[in-house]
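To keep things clear, I will list the structure first and then write my remarks on it.
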Amino acid sequence: MKWDGLLKEFKSYLPVTENTPALSLQEGNTPLIPLNSLSEELGINLFAKFEGLNPTGSFKDRGMVLAVAKAKEEGAHTVICASTGNTSASAAAYATRLGLNTIVVIPDGKVALGKIAQAIMYGAKIVSIEGNFDDALRAVRRVAEQNEGVTLVNSVNPYRIECQKTAAFEVVEQLGKAPDYLAIPVGNAGNISAYWKGFKEYHDKKGSTLPKMFGFEAEGSAAIVKGKVIENPETIGTAIRIGNPTSWKLAEAARDESGGVIDSVTDDEILHAYNKVARTEGVFAEPGSNASVAGVIKSVNNGSIEKGSTVVTVLTGNGLKDPQTAMDQADITPKVLPNDEDKIIEYIESLNNG
Ligand code: F0G
């Protein structure tokens, strides 16, 4: 099937003008995968919107394509962002395609390996700070304010949320209706706000129903759940290791208007979901993404998601982004055998019998 990327496919829903560069890495149009085994176990109809299959491996590509195109249209020479990794990879890919420079500011030692590798390969200038995402965001906001031609592409940039909303359109089209519940990880809280905007717009224009928005923070960085800024956020899901979410108020509005919930999940619950989705469904998403699946399991068990309902869980990033956490899940390293066919066959047969 032909797919031209978000700026073309959803042009009538976006602030795209004749001066907007035709930027595309053919982002969007990601699959909605039924999670059969979990559906049966939980007694719901569960689907994953696998955003890890976007061009740079995360949902960030949806918003970045418009934010970078607009930056170029408005005369910027450089884009800048703070990032837990995925935003930086995405910004760098789109910016380089339009000949713009990229500066990314990341928390030292807390960004998954694959994301740093991407930023390097796309040619970003990387600034690693002895601080967290929230500290990085404060700094880049100031740089963008003080320097002409430098555009901030974090989700405070309104074009990001505007184009990320297209994921909600796709969910409704793929399912043939809106789900009863939309489960999503919450970090800086832009994506939950974007989905809610998208569902509302489709409701207004196409008469589709509205889901209850269920957002999930990691317990060690659960600012919205706890109602206070977390000075030193921590979680295995480094993507959502954020203690002062920018779109805090928008996320609360999405929750309240939809009759939803923002809750937290522990690192153990995240790791359980991370393993389970890979091993039973064949879908490998990064740890932070699985906060949404962990949240679905928790919510079915505590009765806040009703049995029999249709639930879409957003898997925001690809599992390959974070190879280290994956390797840490196994207590054995792959066995290395001598190159002796009999020995190799003998060993494989012993596995089969085991
Ligand atoms: N999942 C993944 C894989 C992410 O990378 C992020 C955010 C989120 C969920 C949370 O989304 O911030 O819209 O609530 N990552 C940002 C980054 C902060 O820098 O890549 P949100």
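Both counts, for ligands and for their atoms, begin at 1 and track the order of listing. From a predicted model like this one, the values you see are computed outputs, not experimental measurements.
For atom 17 (C) of ligand 1, the nearest non-hydrogen atom of the protein is Thr87 OG1, 2.9 Å. The nearest protein atom to atom 1 (N) of ligand 1, hydrogens excluded, is given as Thr316 OG1, 2.6 Å; this is a heavy-atom distance. The protein non-hydrogen atom at the shortest distance from atom 13 (O) of ligand 1 is Asn191 N, 2.8 Å. Looking only at protein heavy atoms, the nearest one to atom 11 (O) of ligand 1 is Phe59 CZ, 3.5 Å. In this structure, atom 12 (O) of ligand 1 lies nearest to the protein heavy atom Asn188 N, 2.7 Å.
With a 4.0 Å cut-off on non-hydrogen atoms, Ala189 touches ligand 1 through its backbone and not its side chain. With a 4.0 Å cut-off on non-hydrogen atoms, Ile240 touches ligand 1 through its side chain and not its backbone. Using a 4.0 Å cut-off between heavy atoms, Lys60 contacts ligand 1 through its side chain alone, with no backbone atom that close.
Screening residues 167-178 for side chain to side chain donor-acceptor pair (under 3.5 Å), with sequence neighbours left out, gives Lys49-Glu170, Lys49-Gln174, Arg62-Glu170, Glu173-Tyr202.
Proximity of Glu74 to Thr151: side-chain heavy atoms (C-beta onward) are nowhere separated by under 4.5 Å.
A cation-pi contact, defined as under 6.0 Å to the ring centre and within 45° of the axis, links Lys335 to Tyr347.
Less than 4.0 angstrom separates some heavy atom of Val186 from each of these atoms of ligand 1: 14 (O). Annotation for ligand 1: atoms under 4.0 Å from non-hydrogen atoms of Ser83 are 17 (C), 19 (O), 20 (O). Taking a cut-off of under 4.0 Å to the non-hydrogen atoms of Asn86, the atoms of ligand 1 that pass are 2 (C), 3 (C), 4 (C), 5 (O), 20 (O). Taking every heavy atom of Ala239 and a limit of under 4.0 angstrom, the matching atoms of ligand 1 come to 2 (C), 3 (C), 4 (C), 5 (O), 6 (C), 7 (C), 15 (N), 18 (C). Taking every heavy atom of Ile242 and a limit of under 4.0 angstrom, the matching atoms of ligand 1 come to 18 (C). Less than 4.0 angstrom separates some heavy atom of Thr84 from each of these atoms of ligand 1: 15 (N), 16 (C), 17 (C), 18 (C), 19 (O), 20 (O). Set against the non-hydrogen atoms of Gly190, the atoms of ligand 1 under 4.0 Å away are 13 (O), 14 (O), 21 (P).
Within a 6.0 Å sphere centred on NZ of Lys8, heavy atoms belonging to other residues, nucleotides or ligands number 12 at most. Taking a 6.0 Å sphere around CD of Glu40, one finds it holds 12 or fewer heavy atoms contributed by other residues, nucleotides or ligands. Other residues, nucleotides and ligands contribute over 12 non-hydrogen atoms within 6.0 Å of the NZ atom of Lys298.
With sequence neighbours excluded, the residues satisfying ring pair (Phe, Tyr, Trp, His ring centres under 6.0 Å) with Phe10 are Phe169.
No hydrogens or angles considered: a donor-acceptor pair under 3.5 Å links the side chains of Thr20 and Glu73. No hydrogens or angles considered: a donor-acceptor pair under 3.5 Å links the side chains of Tyr94 and Glu27.
Residue-to-ligand polar distances keep Gln164 apart from ligand 1: every N/O pair is separated by 3.5 Å or more.
If you take OG on Ser193 and CD1 on Ile161, they are separated by 5.0 Å, rounding to the nearest 0.5 Å.
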